[in-house]
Amino acid sequence: MNYWLMKSEPSVYGIADLKRDRQTIWDGVRNYQARNFMRSMQVGDRAFFYHSNTTPPGIVGMMQVVETNVIDPTQFDPQSEYYDAKSKPDSPRWQTVRLEFEKEFAEIFTLDLLRQQFTPDELWVVRQGNRLSVMPVEEAIALRILSQVQAI
DNA sequence: GCCAACGTTGGC
DNA sequence: GCCAACGTTGGC
């Protein structure tokens, strides 16, 4: 079982949306490194839900991977902003995962707090200029974060 | 809204 | 295969 961190802008899709939907396909990722991490995910892995582009940014909850190697349907949808004309149905470029809501934190674990507790080597999200939207989190780091939060 | 960081594209 | 131009991310 591995831990991950996945970013989303709450104005696009936030923890409240996942709580309502219970499950979601994590679509729209168009970065190869992020995609490769999602390809390596396994059922039962847990992921921190990170709110980006908001005040303050930070981790707001936990999700669980319930299905792997999901073809991102938006790549074939010309109406979607994530449409990829170069991706063909017989060899899709973009795979993702299905995630299930696990819990929402009583309080956001802010980026500022993460910076105070972890070095950029320990936790990639605190690296300056990091634009990666899916990244691994070491178990020891994940457990330190989880020991400091309460679920709603 | 600004802009630094940085990934991608495409001409050569 | 280099790299300038361009587009996007995301903190502030």
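Proteins get letters first, then strands, A, B, ... in listed order; numbering begins at 1 in each.
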Are a donor atom and an acceptor atom from the side chains of A/Gln150 and A/Glu107 found within less than 3.5 Å of each other?
no
Less than 6.0 Å separating the ring centroids of A/Tyr50 and A/Trp4?
no
When you match A/Gly129 and A/Lys86 each to their closest nucleotide on DNA chain B, which lands nearer the 5' end?
A/Gly129
Nucleotide B/dA4, atom C1' - distance to CZ of A/Arg127 in whole Å
17 Å
Residues clustered with A/Ile25, ILVMFWY side-chain links under 4.5 angstrom
A/Val70
Sequence neighbours excluded, every pair satisfying ring-ring contact (aromatic ring centres under 6.0 Å, His included) that has a member inside residues 59-108 of chain A
A/Tyr32-A/Trp94
A/Asn130 side chain to A/Arg127 backbone, donor-acceptor under 3.5 Å:
no
Between A/Asp72 and A/Thr74, do the side chains contain a donor N or O and an acceptor N or O under 3.5 Å apart?
yes
Whole angstroms only, please: what is the CG-P distance between A/Asp84 and B/dG7?
19 Å
Can you sort out which residues in residues 32-41 of chain A have a heavy atom within less than 4.0 Å of DNA chain C? Ascending by number, please.
none
Enumerate the protein-to-nucleotides 10-12 of chain C contacts in which both atoms are nitrogen or oxygen and the separation is below 3.5 Å.
residue: C/dG10; atom: OP1; partner: A/Lys7; partner atom: NZ; Å: 3.1
residue: C/dG10; atom: OP1; partner: A/Arg131; partner atom: O; Å: 3.0
residue: C/dG10; atom: N7; partner: A/Asn53; partner atom: ND2; Å: 3.3
residue: C/dG11; atom: OP1; partner: A/Tyr50; partner atom: OH; Å: 2.7
residue: C/dG11; atom: OP2; partner: A/Asn53; partner atom: N; Å: 2.9
residue: C/dC12; atom: OP1; partner: A/Arg115; partner atom: NH1; Å: 3.3

All pairs passing side chain to side chain donor-acceptor pair (under 3.5 Å) where residues 9-19 of chain A contributes a residue, at least two apart
A/Glu9-A/Asn53, A/Tyr13-A/Asp21, A/Asp17-A/Arg20, A/Lys19-A/Glu104
Those residues that, when tested against A/Gln64, pass side-chain contact (heavy atoms from CB on, under 4.5 Å) (two or more places apart):
A/Arg46, A/Glu102
